[in-house]
Engineer: 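This is the structure I want to talk about, given as structure tokens.
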Amino acid sequence: TPRVGLASLAVFARVSRSQANRSQVNRRRMDLSQFLANGGHGAQEEGLESIEIPGRIAVVARGRFMLRALCRSFGGSSRITCAVTDQQCCLDYLAVEAGDPYQLLICTDYLESGSGFDLVRQARELHPNIHAVVLALGDSIPAECLDAPWLEAVVAEADFVDDQQPLQAAVMAVLGGHSYRSPSLRTGILPYLSCPRLTPREYEVLDLLASGLSDRQIAKRLVVSDETAHTYTKRLLQTLNVHNRLQAVLKGMRCGMVQI
């Protein structure tokens with residue numbers, strides 16, 4: 001039997017750790033761009049589908065649920081050709097314009113890797129004609145970015161949960177060449193948060209929504225019909241007093257009901 005030296009074992013251990021680290025990074029990062037290109041939008045959310053955006057759209061968000069939900073806000077738009085969860089991957093997509101430049105970048109402040117604010121800064125420095133809107137899950141703008149000329153629009157999560165209009169207003173503002181800050185960022189006062197009591201079934205549905213599941217997938221998980229799963233989701237939205245799944249999960253997070 002061949003003898004394996006300690007040096008060889010040490011090299012093998014380093015390689016194994018390196019492969020494990022790369023695997024962990026790949027699991028954290030997600031790219032749904034090809035999925036969207038093949039028509040995999042799923043259920044549409046209310047929101048941005050009525051806004052005409054002639055150029056390409058990039059969506060960058062932390063986690064599978066947030067990424068899919070923001071993409072669905074645009075309805076069936078085929079203009080979304082970048083849907084990822086980390087800063088560098090988005091910059092790589094933006095660099096490949098192929099005669100059809102990106103016109104709009106929507107991102108959250110927190111990403112799987114990198115920062116939404118830093119992404120917008122780099123994107124607008126490299127591509128001056130792109131417009132950008134940041135959805136601030138932390139309800140604030142970093143002090144060093146407050147007066148930055150590259151930061152066009154920011155929507156606080158609290159304002160989006162309270163009313164979906166701020167995100168629409170932000171997109172329309174930047175496309176029109178204007179800047180935008182949602183109400184709580186202008187006043188410094190967060191809207192009142194009402195946290196209703198959920199039933200055990202509503203908690204279960206909220207948790208499944210936060211996992212990024214569609215009504216059909218929820219139906220399979222709960223062993224009920226698609227129609228029943230849709231009814232569960234509709235009742236949850238009514239209980240939380242929100243308009244769509246994204247608002248439901250964000251409000252659930254703010255009320256401490258769910259995590260993503």
Side-chain angles (χ1 to χ4, degrees), residues 22 25-38 47-48 51-64 66-74 77-157 160 166-182 185:
R22 286 198 298 271
V25 168
N26 289 335
R27 284 196 299 270
R28 287 200 303 267
R29 295 177 178 177
M30 180 175 296
D31 186 345
L32 297 182
S33 308
Q34 190 61 41
F35 170 80
L36 294 173
N38 291 331
L48 305 171
I51 302 175
E52 184 177 350
I53 304 171
R56 289 196 287 171
I57 303 168
V59 180
V60 192
R62 181 177 183 176
R64 171 185 177 186
M66 192 72 67
L67 182 62
R68 285 190 169 185
L70 284 175
C71 289
R72 288 168 180 165
S73 294
F74 289 92
S77 176
S78 61
R79 304 304 294 169
I80 302 177
T81 54
C82 168
V84 296
T85 58
D86 68 285
Q87 178 177 336
Q88 187 56 53
C89 190
C90 176
L91 291 173
D92 291 342
Y93 268 100
L94 297 183
V96 185
E97 295 189 342
D100 186 12
Y102 282 89
Q103 185 177 18
L104 181 65
L105 166 62
I106 301 280
C107 67
T108 54
D109 50 351
Y110 303 138
L111 303 174
E112 294 296 328
S113 176
S115 158
F117 287 106
D118 194 42
L119 167 60
V120 170
R121 178 185 62 78
Q122 291 189 48
R124 299 209 67 216
E125 286 176 355
L126 295 170
H127 311 277
N129 292 325
I130 195 171
H131 297 291
V133 176
V134 178
L135 176 57
L137 303 180
D139 294 326
S140 63
I141 301 174
E144 65 273 18
C145 301
L146 282 173
D147 299 316
W150 48 263
L151 188 59
E152 293 178 293
V154 185
V155 176
E157 179 194 87
F160 181 75
L167 188 57
Q168 294 175 320
V171 171
M172 294 177 67
V174 299
L175 292 179
H178 305 289
S179 61
Y180 180 88
R181 300 291 184 272
S182 64
L185 294 174

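Atom set for the values below is all heavy atoms of this structure, side chains included, hydrogens, waters and symmetry mates excluded.
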Engineer: What's the separation between atom SG in Cys82 and atom CD1 in Ile106, rounded to the nearest 0.5 Å?
Structural biologist: 12.0 Å

Engineer: Go through the structure and list residues passing side-chain hydrogen bond (donor to acceptor under 3.5 Å, both in side chains) with Ser182, not counting sequence neighbours.
Structural biologist: Asp159

Engineer: Please check this pair: side chain of Arg56 against backbone of Thr81, looking for a donor-acceptor N/O pair closer than 3.5 Å.
Structural biologist: no

Engineer: Could you check if a side-chain atom of Cys90 sits within less than 4.5 angstrom of a side-chain atom of Leu111, using non-hydrogen atoms only?
Structural biologist: no

Engineer: State which residues pass salt bridge (charged side-chain N to carboxylate O under 4.0 Å, His left out) with Asp118; sequence neighbours excluded, sorted by chain then number.
Structural biologist: Arg121

Engineer: Please list, one pair per line, the donor and acceptor atoms closer than 3.5 Å that link side chains of residues 173-181 to other protein atoms, with sequence neighbours excluded.
Structural biologist:
unit_1: His178; atom_1: NE2; unit_2: Gly176; atom_2: O; d: 3.3
unit_1: Arg181; atom_1: NH1; unit_2: Glu152; atom_2: O; d: 2.9
unit_1: Arg181; atom_1: NH2; unit_2: Leu151; atom_2: O; d: 3.2

Engineer: Among pairs that include at least one residue of residues 128-147, which meet salt bridge (charged side-chain N to carboxylate O under 4.0 Å, His left out), considering only residues two or more places apart or in two chains?
Structural biologist: Asp139-Arg254

Engineer: When you measure from the side chain of Glu112 to the backbone of Gly63, do you find a donor-acceptor pair of N or O atoms at a distance under 3.5 Å?
Structural biologist: yes

Engineer: Among pairs that include at least one residue of residues 168-180, which meet salt bridge (charged side-chain N to carboxylate O under 4.0 Å, His left out), considering only residues two or more places apart or in two chains?
Structural biologist: none

Engineer: Would you check if the side chain of Gln87 reaches a backbone N or O of Gly114 as a donor-acceptor pair within less than 3.5 Å?
Structural biologist: no

Engineer: Quick check: do Ile57 and Ile80 have side-chain heavy atoms less than 4.5 Å from each other?
Structural biologist: yes

Engineer: Checking Ser73 side chain against Ala69 main chain: does a donor-acceptor pair fall under 3.5 Å?
Structural biologist: yes

Engineer: About how many Å separate CG of Asp109 and CG of Leu137, when rounded to the nearest 0.5 Å?
Structural biologist: 4.5 Å

